[in-house]
Student: 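Structure below; questions to follow.
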Amino acid sequence: MTHYLLSFSNANEIRMGSPLKVADVELRGPFIPDMKGYSFQDVGLVSQDGLHCFLIQWTPGKNEPRFQVWHLDGKKKMLTVSPIFTGGCYGIKEINYGIELNIEEWSSEERKVYSRVEQIKVTWE
């Protein structure tokens with residue numbers, strides 16, 4: 001079974017002055033869904049076994065940064081998309097039962113940045 005190989009190219013600021021970047025996804029592996037028309041951050045993860053790939057889809061709306069996590073399961077040849085998270089994803093790592101996201105969110109009312117960690121349980125069957 002083929003394993004995922006993930007890299008990014010042509011990274012550009014999401015918005016002028018933003019530390020977040022969107023990039024072209026360069027992906028090889030056992031299952032690759034149609035990604036045309038979608039924007040992805042230059043943040044992603046391939047699981048240790050190489051059979052799962054996680055991409056961060058940029059989903060702006062309501063004049064605030066938002067994203068969704070795409071989970072590509074190479075074994076089941078299936079795509080699962082998470083609910084929308086508010087903020088920007090600054091990191092993703094594998095944990096024993098799924099993934100952990102480092103998220104920063106800007107509060108325009110308070111003019112502050114809030115950092116948080118979200119954990120998503122993933123079935124590694």
Side-chain angles (χ1 to χ4, degrees):
M1 182 176 285
T2 307
H3 293 79
Y4 281 108
L5 296 172
L6 173 65
S7 62
F8 299 97
S9 64
N10 303 318
N12 293 299
E13 294 174 335
I14 286 176
R15 212 184 312 187
M16 195 157 134
S18 173
L20 298 171
K21 298 192 181 316
V22 290
D24 295 333
V25 175
E26 297 175 5
L27 182 64
R28 291 190 308 199
F31 167 70
I32 301 173
D34 183 6
M35 295 185 281
K36 292 181 185 123
Y38 295 98
S39 296
F40 294 91
Q41 284 188 236
D42 61 343
V43 176
L45 171 75
V46 173
S47 63
Q48 288 182 12
D49 65 7
L51 298 176
H52 298 267
C53 179
F54 298 89
L55 300 171
I56 305 301
Q57 179 203 340
W58 185 242
T59 314
K62 300 181 183 177
N63 201 27
E64 61 188 10
R66 303 182 323 167
F67 68 91
Q68 291 177 280
V69 179
W70 283 30
H71 172 204
L72 286 63
D73 185 326
K75 195 172 181 183
K76 294 180 183 176
K77 303 206 179 334
M78 187 169 85
L79 168 66
T80 306
V81 180
S82 75
I84 294 174
F85 292 92
T86 302
C89 185
Y90 286 83
I92 181 172
K93 70 179 183 178
E94 186 174 347
I95 54 179
N96 62 351
Y97 54 85
I99 59 172
E100 185 173 274
L101 305 167
N102 292 318
I103 302 169
E104 286 191 1
E105 186 175 353
W106 169 256
S107 170
S108 55
E109 294 169 1
E110 298 177 41
R111 305 191 74 59
K112 286 174 82 171
V113 173
Y114 291 94
S115 297
R116 70 181 192 275
V117 173
E118 294 277 349
Q119 295 179 341
I120 299 176
K121 184 176 181 180
V122 177
T123 304
W124 300 101
E125 296 174 2

Student: Rounded to the nearest 0.5 Å, how far apart are CD of Gln68 and OH of Tyr38?
Tutor: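 Output value for this atom pair is 9.0 Å.
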
Student: Please check if any side-chain donor atom of Glu26 sits under 3.5 Å from a side-chain acceptor atom of Ser9, or the reverse.
Tutor: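 The criterion, which ignores hydrogens and geometry beyond distance, is satisfied for Ser9 and Glu26.
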
Student: Treating Ile, Leu, Val, Met, Phe, Trp and Tyr as nodes and any side-chain heavy-atom pair under 4.5 angstrom as an edge, say whether Phe8 and Leu27 lie in one connected cluster.
Tutor: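 Yes, it is one cluster - the side chains of Phe8 and Leu27 are joined through contacts under 4.5 Å.
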
Student: Quick one: do Phe31 and Leu55 end up in the same hydrophobic cluster if we chain Ile, Leu, Val, Met, Phe, Trp and Tyr together by side-chain heavy atoms under 4.5 Å apart?
Tutor: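 Yes, it is one cluster - the side chains of Phe31 and Leu55 are joined through contacts under 4.5 Å.
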
Student: Whether the side chain of Arg66 engages the backbone of Thr59 through a donor-acceptor N/O pair (distance < 3.5 Å, no angle test) should be reported.
Tutor: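 Pair found, side chain donor or acceptor close to backbone of Thr59.
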
Student: Centroid-to-centroid, Phe40 to Trp70, below 6.0 Å?
Tutor: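 Centroid separation for Phe40 and Trp70: below 6.0 Å.
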
Student: Regarding Thr86 and Glu105, do their side chains bring together a donor and an acceptor under 3.5 Å, going by distance alone?
Tutor: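 No pair is found: no donor N or O on one side chain lies under 3.5 Å from an acceptor on the other.
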
Student: Could you tell me which non-hydrogen atom of Asp73 sits nearest to which non-hydrogen atom of Lys76, and how far apart they are?
Tutor: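 Distance-wise, the nearest heavy atoms are OD1-N, 2.9 Å.
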
Student: Taking all atoms of both residues into account, what is the closest heavy-atom pair of Pro33 and Leu72, and its distance?
Tutor: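 Between these two residues, the closest heavy atoms are CD-CD2, 3.3 Å.
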
Student: What distance do Leu5 atom CG and Arg28 atom CZ have between them, rounded to the nearest 0.5 Å?
Tutor: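 These two atoms lie 5.0 Å from each other.
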
Student: Using the rule that two of Ile, Leu, Val, Met, Phe, Trp, Tyr join whenever any of their side-chain heavy atoms come within less than 4.5 Å, decide whether Ile99 and Val46 are in one cluster.
Tutor: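 As far as the 4.5 Å side-chain criterion goes, Val46 and Ile99 are not connected within one cluster.
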
Student: How close do Asp49 and Leu51 get, counting heavy atoms only, and between which atoms?
Tutor: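 So the minimum-distance heavy-atom pair works out to OD1-N, 2.9 Å.
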
Student: How many angstroms lie between atom CD1 of Ile32 and atom CG of Leu79, to the nearest 0.5 angstrom?
Tutor: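 Output value for this atom pair is 12.0 Å.
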
Student: With a 4.5 Å cut-off on side-chain heavy-atom distances among I, L, V, M, F, W and Y, is there a chain of contacts connecting Val25 to Tyr4?
Tutor: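 Yes: a chain of side-chain contacts under 4.5 Å links Val25 to Tyr4.
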
Student: For the residue pair Asn12 and Lys21, establish whether any side-chain heavy-atom pair is separated by less than 4.5 Å.
Tutor: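 Asn12 does not reach Lys21 side chain to side chain.
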
Student: Minimum heavy-atom separation for His52 and His71, please, with both atom names.
Tutor: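 It is ND1-NE2, 2.8 Å.
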
Student: Can you measure from OG (Ser82) to CD (Gln57) and round to the nearest 0.5 angstrom?
Tutor: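 Interatomic distance, Ser82 OG to Gln57 CD, rounded to 0.5 Å: 8.5 Å.
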
Student: Closer than 3.5 angstrom, by distance alone: can the side chain of Tyr90 be matched with the main-chain N or O of Leu20 as a donor-acceptor pair?
Tutor: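 Not confirmed, Tyr90 side chain does not pair with Leu20 backbone.
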
Student: Please examine the side chains of Phe67 and Val43, heavy atoms only from C-beta on, and report whether any two atoms are closer than 4.5 Å.
Tutor: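 They are not in contact (no side-chain heavy atoms under 4.5 Å apart), so the answer is no.
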
Student: Examine Val69 and Leu45 and state if one hydrophobic cluster contains both, with Ile, Leu, Val, Met, Phe, Trp and Tyr joined whenever side-chain heavy atoms are less than 4.5 Å apart.
Tutor: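 Yes, Val69 connects to Leu45 through the hydrophobic network.
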
Student: Measure across Leu6 and Cys53 and return the closest heavy-atom pair with its distance rounded to 0.1 Å.
Tutor: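 Taking Leu6 first and Cys53 second, the nearest heavy atoms are CD2-SG, 4.1 Å.
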
Student: Looking at every heavy atom in both Ala23 and Ala11, which two are closest together, and how far apart are they?
Tutor: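 In terms of heavy atoms, the two residues are closest at CB-CA, 3.9 Å.
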
Student: Tell me if a side-chain donor or acceptor on Gln41 pairs with a main-chain N or O of Trp58 at a distance below 3.5 Å.
Tutor: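 Pair absent, no side-chain N/O of Gln41 close to backbone of Trp58.
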
Student: Would you say the side chain of Lys77 lies within less than 4.5 Å of the side chain of Pro30, judging by non-hydrogen atoms?
Tutor: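 Pro30 vs Lys77: side chains touch.
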
